[in-house]
Amino acid sequence: MSPGSEGSRLAVLVHEVRSPVAALAALAAAAGREGSLATDDLRELARLAVAACLSIERTARDAAVSSVRPADVDPGELVRECVRASVVGGARIRCELGPGLPTLRADPIRLRQALDNLVANALAHSPPDEEVLVSVRADGDAVVFSVRDRGPGVPEGARERIFERGVRLAGNRPGSGLGLWVARTIAEAHGGTLTVRSGAVGGADFVLTLPTHAHPATRASST
């Protein structure tokens, strides 16, 4: 591996472990609030913490985000977990689940990475008093995930450029410009797409579409 590719791998690794590490910190803080949680809530926090640990482990072993390991995935449960972890961290976010959601054949950890990156992007660009909406619905032979914010939106001329590696439109905001690139790479590795459009009431709506019956190519890392 060349020094340049090693540096790229490290940059992706550092970027992609931030969300699960932040989730772990929020979950630990919530669990430590004495007397505030019932036993079932503590079990839920523990389950979410385990999911965050698995994400960190997978990313540390394999930072090539285009590698996927297919399994049966409940898209509604995936969205609920993503939103729940963000709510525990104090974010204003909610989910909407459409009826009749089919089981997906996808990599659950990679798909969660993509959603986490889209949610992090939406929260970073939303006013503090506005809510981010994460939804999922069936659409023919596809499952459509949407992450919608009420921020400044994305100019039409930049709606492809923002998915390029290292591109950030908001120069005064912290970030590496990797999150949207990672999310689109994961979508395409599953035979899907990731696009952005204007929200119905302003802001931006990131739409991740995966074919229901397509099987992603398994490209597991040898590391």
Side-chain angles (χ1 to χ4, degrees), residues 2-20 22 55 59 62-68 79 82 86 91-93 106-107 109-128 130-137 139 142-211 214 216-217 219:
S2 68
S5 60
E6 180 65 24
S8 297
R9 181 183 184 280
L10 180 60
V12 172
L13 174 62
V14 170
H15 183 276
E16 291 304 291
V17 298
R18 288 187 303 179
S19 288
S55 179
T59 305
D62 184 7
V65 293
S66 61
S67 71
V68 295
V79 166
C82 178
S86 296
R92 287 178 55 83
I93 181 170
D107 186 321
I109 291 179
R110 291 298 188 214
L111 194 50
R112 175 65 187 273
Q113 277 182 271
L115 287 178
D116 282 345
N117 282 341
L118 294 177
V119 167
N121 178 75
L123 292 172
H125 291 87
S126 292
E130 292 288 355
E131 191 175 57
V132 167
L133 174 65
V134 184
S135 64
V136 60
R137 60 184 174 85
D139 183 10
V143 172
V144 181
F145 300 86
S146 169
V147 179
R148 187 178 306 163
D149 65 59
R150 295 289 297 274
V154 181
E156 187 172 354
R159 290 180 188 172
E160 278 300 309
R161 192 160 61 87
I162 59 170
F163 293 107
E164 295 175 9
R165 186 169 185 155
V167 170
R168 290 189 302 124
L169 294 186
N172 62 334
R173 296 180 186 270
S176 60
L178 288 173
L180 296 178
W181 171 78
V182 165
R184 175 173 271 191
T185 299
I186 290 171
E188 292 177 347
H190 285 82
T193 61
L194 175 61
T195 59
V196 63
R197 61 194 182 193
S198 295
V201 288
D205 186 8
F206 285 84
V207 181
L208 193 163
T209 304
L210 296 184
R219 297 172 52 193

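Counting from 1, the numbers follow the sequence of the chain as shown.
Rounded to the nearest 0.5 Å, atoms CD (E164) and CZ (R161) are 7.0 Å apart. Note that OG1 of T193 is 8.0 Å distant from CZ of R184, once rounded to the nearest 0.5 Å. To the nearest 0.5 angstrom, I186 atom CD1 is 8.0 Å from D107 atom CG. Summarising the geometry, atom CG belonging to L115 is positioned 5.0 Å from atom SG belonging to C82; distances are rounded to the nearest 0.5 Å. In this structure, OG1 in T195 is found 9.0 Å from CZ in F206, a value given to the nearest 0.5 Å. One finds the CG atom of N121 at 7.0 Å from the CD1 atom of I162 (value rounded to the nearest 0.5 Å).
Remark: D116 pairs with R112 by the salt bridge (charged side-chain N to carboxylate O under 4.0 Å, His left out) rule, at least two apart or across chains. By the salt bridge (charged side-chain N to carboxylate O under 4.0 Å, His left out) test, R197 pairs with D205, sequence neighbours left out.
Looking at L208, D139, V136 one by one, the single match for side-chain contact (heavy atoms from CB on, under 4.5 Å) with V144 turns out to be D139. A side-chain contact (heavy atoms from CB on, under 4.5 Å) with L123 holds for exactly one of V147, V132, L118; it is V132.
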Assess whether side-chain hydrogen bond (donor to acceptor under 3.5 Å, both in side chains) is satisfied between S198 and R159, documenting all intermediate values. CA-CA 10 Å; S198 295; R159 290 180 188 172; 2.8 Å; yes

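The nearest pair of heavy atoms linking F163 to L180 is CD2-O, 3.7 Å. G192 and L210 make their closest contact through CA-CD2, 4.0 Å (heavy atoms, listed as atom of the first residue, atom of the second, distance). Between R110 and S67, the shortest heavy-atom contact is NE-O, 3.0 Å. N117 and G179 make their closest contact through ND2-O, 3.4 Å (heavy atoms, listed as atom of the first residue, atom of the second, distance). In terms of heavy atoms, V119 sits closest to S86 at CG1-OG, 3.7 Å.
Residues P128 and R92 fail the side-chain proximity criterion, which asks for heavy atoms closer than 4.5 Å.
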